[in-house]
Amino acid sequence: MNENTTLIWNIVLTLAVAVLFFLHFSNKSDAGSTVVDGQVVPGRRTVYVQVDSLLTNYDFFKETKKELESKNFQLENELNTKGRSLQNEVAFFQQKAQTMTPEQARSTEAQLMKKQQDLVAYRDQAAQSLAREEATKNEQLYKNIRSYIEKYNKENGYEYVLGYSLGGGILFANPSLDVTQKIIEGLNKEHAANGGSAKADTTSKK
């Protein structure tokens with residue numbers, strides 16, 4: 001089979017959460033204060049989450065990534081097996097074509113073309129199915145994290161919860177404002193309470 005028959009999948013769950021952490025809670029603007037040019041101005045209680053570390057250590061994400069990679073691997077193996085089988089049939093037909101009647105040759109060739117078309121259709125259908133499943137997992141991941149951060153913020157009253165990642169828009173972040181570990185621990189605790197399975201996770205359903 002040529003390279004077009006091999007599906008290459010990129011796990012893009014990071015993109016689903018890379019921009020979700022910028023949450024503004026305007027009713028918390030008086031949570032603290034500071035002095036600028038002699039004037040007291042409302043403080044802005046801000047913390048941040050390291051996005052890469054969050055995804056690396058969030059059990060739901062790890063299980064989802066492993067599950068999708070496994071399905072992709074199985075599909076690639078299945079397509080390769082079906083492709084080799086079809087190639088063998090084509091090779092056999094080419095060897096025997098000279099001994100066939102024109103009608104037999106045309107009939108066999110038509111059957112082989114139909115098998116090829118069916119294989120392409122199956123490949124495309126399977127690819128679309130996996131893509132839909134990946135999109136669903138992305139959405140669930142987004143909801144899980146968003147929901148937990150909102151609950152976490154109700155207890156702490158932050159005005160901003162920022163997403164920090166290498167090469168992102170935040171050039172410096174004070175380590176004392178890093179709440180990544182607390183968010184990870186809370187997310188994994190909720191995930192375990194929901195059965196510890198990416199399939200069964202209902203943390204964010206509202």
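Heavy-atom basis, side chains included; hydrogens, waters and symmetry copies ignored. In this chain, numbering begins with 1 at the start of the sequence shown.
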Contact summary for [X] and [Y], nearest pair of heavy atoms:
X: Ser53; Y: Ile184; answer: O-CD1, 3.7 Å
X: Asn156; Y: Arg45; answer: O-NH1, 2.8 Å
X: Val51; Y: Gly163; answer: CG2-CA, 3.9 Å
X: Leu55; Y: Lys62; answer: O-CG, 4.3 Å
X: Tyr148; Y: Lys182; answer: OH-O, 4.0 Å

Name all residues meeting the ring-ring contact (aromatic ring centres under 6.0 Å, His included) criterion together with Tyr48; count only those two or more places apart in sequence or in a different chain, and write none if there are none.
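Scan of Tyr48 (ring-ring contact (aromatic ring centres under 6.0 Å, His included), adjacent residues dropped) gives Tyr164.
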
Hey, is the main chain of Glu190 close enough, under 3.5 Å, to the side chain of Asn194 for a donor-acceptor pair?
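Yes; judged by distance alone, with no hydrogens or angles, the pair exists.
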
Spacing of [atom1] belonging to [X] relative to [atom2] belonging to [Y], to within rounding of 0.5 Å:
X: Leu141; Y: Arg146; atom1: CG; atom2: CZ; result: 13.5 Å
X: Thr56; Y: Lys65; atom1: OG1; atom2: NZ; result: 9.0 Å
X: Arg106; Y: Glu109; atom1: CZ; atom2: CD; result: 9.5 Å
X: Ile145; Y: Leu54; atom1: CD1; atom2: CG; result: 4.5 Å
X: Gln181; Y: Gln50; atom1: CD; atom2: CD; result: 10.0 Å

What about Met100 and Leu112, same hydrophobic cluster or not, with Ile/Leu/Val/Met/Phe/Trp/Tyr joined at side-chain heavy-atom distances under 4.5 Å?
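They do share one cluster, since a chain of ILVMFWY contacts under 4.5 Å joins Met100 to Leu112.
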
Indicate if Met113 and Val90 have the same hydrophobic cluster label, given that clusters are the connected sets of ILVMFWY residues with side-chain heavy-atom separations under 4.5 angstrom.
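No, because Met113 and Val90 fall into different hydrophobic clusters, even though each may have its own neighbours under 4.5 Å.
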
Ion pair check, Glu150 and Lys154, cut-off under 4.0 Å
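No, Glu150 and Lys154 are not salt-bridged.
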
Sidechain N-carboxylate O distance under 4.0 Å for Glu155, Lys151
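Here Glu155 does not pair with Lys151 in a salt bridge, since their nearest N and O are not under 4.0 Å apart.
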
Show the numbers, then the answer: is there a side chain to side chain contact (heavy atoms under 4.5 Å, CB included) between Lys137 and Glu67?
CA-CA 10 Å; Lys137 295 294 186 181; Glu67 178 184 344; 3.9 Å; yes

Take atom CD in Glu103; do more than 12 heavy atoms of anything else shown fall under 6.0 Å from it?
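Enclosed.
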
Would you say Tyr158 and Thr46 make side-chain contact, with heavy atoms under 4.5 Å?
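No, every pair of side-chain atoms sits at 4.5 Å or beyond.
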
Excluding sequence neighbours, so at least two apart, what forms side-chain contact (heavy atoms from CB on, under 4.5 Å) with Glu78?
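Here the qualifying residues are Leu75, Lys82, Tyr122.
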
Partners passing side-chain contact (heavy atoms from CB on, under 4.5 Å) against Gln116 (at least two apart in sequence or in another chain)
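Partners of Gln116 under the side-chain contact (heavy atoms from CB on, under 4.5 Å) test: Leu86.
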
Before giving the answer on side chain to side chain contact (heavy atoms under 4.5 Å, CB included), spell out for Glu185 and Lys189 the whole-Å C-alpha distance, their side-chain angles and the decisive distance to 0.1 Å.
CA-CA 6 Å; Glu185 291 173 358; Lys189 183 177 180 180; over 6 Å; no

Does the side chain of Gln140 pick up a donor-acceptor pair with the side chain of Asn144 at under 3.5 Å?
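The criterion, which ignores hydrogens and geometry beyond distance, is satisfied for Asn144 and Gln140.
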
Test side chain to side chain contact (heavy atoms under 4.5 Å, CB included) on Leu162 and Ile170; report intermediate values, then the result.
CA-CA 9 Å; Leu162 306 179; Ile170 302 175; 3.8 Å; yes

Is there a side chain to side chain contact (heavy atoms under 4.5 Å, CB included) between Phe60 and Leu187? Walk through the geometry before answering.
CA-CA 9 Å; Phe60 176 86; Leu187 281 168; over 6 Å; no

